[in-house]
Student: 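One structure follows; several queries about it will come next.
Note that this is a predicted model, so its numbers are computed, not measured.
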Amino acid sequence: MPDKFRQNILNIDILGVAVLIMAGLITYGSRFIAEKILKVPPQNMFKVTTVLKIIGIAIGLFGLYRVTS
C-alpha cells in the first residue's frame, strides 16, 4: 500500500497543484487585491470582490480537474 501511495503522489500534475494554490490566493485575498492592487472605490468593493471570488473558484475547478485526471 505505501508503494501505491508514493506512486500516486509522484504522478500528481504539478501545474494543477500550482493552479489550485493560485486560485486559493486569489479567492482568499480578493479584498486585498481589490483594495491595494486594483484601487477600487469603496462603493464598488462588493462587486469587485465577488467577481474575483468567482474567478478564483473557476480557476480552482480547472486546477482540480487537472489534478484528478
Student: Does one hydrophobic cluster hold both Val67 and Leu61, with members joined at side-chain heavy-atom distances below 4.5 Å?
Tutor: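 No, Val67 does not connect to Leu61 through the hydrophobic network.
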Student: Check the pair Ile55, Val51 against side chain to side chain contact (heavy atoms under 4.5 Å, CB included), reporting the backbone distance first and the verdict last.
Tutor: CA-CA 6 Å; Ile55 289 171; Val51 168; 3.8 Å; yes
Student: For a quick test of reading the model, state the closest non-hydrogen atom pair linking Val40 to Met45 and the distance between them.
Tutor: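 Minimum heavy-atom contact is O-CE, 3.7 Å.
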Student: Check for a donor-acceptor pair, side chain of Thr49 on one end and backbone N or O of Phe46 on the other, with a separation under 3.5 Å.
Tutor: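 Yes.
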Student: How close do Ala23 and Gly56 get, heavy atom to heavy atom, and via which atoms?
Tutor: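 That would be CB-O, 3.3 Å.
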Student: Give a yes or no on whether Leu38 and Phe32 share a hydrophobic cluster (residues Ile, Leu, Val, Met, Phe, Trp, Tyr; joining criterion: side-chain heavy atoms under 4.5 Å apart).
Tutor: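 Yes; Phe32 is reachable from Leu38 via cluster members.
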Student: For Arg66 and Val19, run side chain to side chain contact (heavy atoms under 4.5 Å, CB included): C-alpha distance rounded to whole Å, both residues' side-chain angles, the deciding distance at 0.1 Å, then the answer.
Tutor: CA-CA 9 Å; Arg66 289 284 305 230; Val19 169; over 6 Å; no
Student: Can we say Glu35 and Lys39 salt-bridge, meaning some charged N sits less than 4.0 Å from an Asp/Glu carboxylate O?
Tutor: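 Here Glu35 does not pair with Lys39 in a salt bridge, since their nearest N and O are not under 4.0 Å apart.
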Student: Should Leu52 and Thr27 count as side-chain neighbours, where that means a heavy-atom distance under 4.5 Å?
Tutor: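 A side-chain contact under 4.5 Å is absent here.
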Student: Look up atom OG1 in Thr68 and atom CD1 in Ile12, then write down how far apart they are to the nearest 0.5 Å.
Tutor: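 Between atom OG1 of Thr68 and atom CD1 of Ile12 there are 11.0 Å.
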Student: In Å, rounded to the nearest 0.5 Å, how long is the span from CG of Leu25 to OG of Ser30?
Tutor: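 That separation rounds to 11.5 Å.
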Student: Let me confirm one number: the CG-CG distance from Asp13 to Leu20, rounded to the nearest 0.5 Å.
Tutor: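 The distance works out to 10.0 Å.
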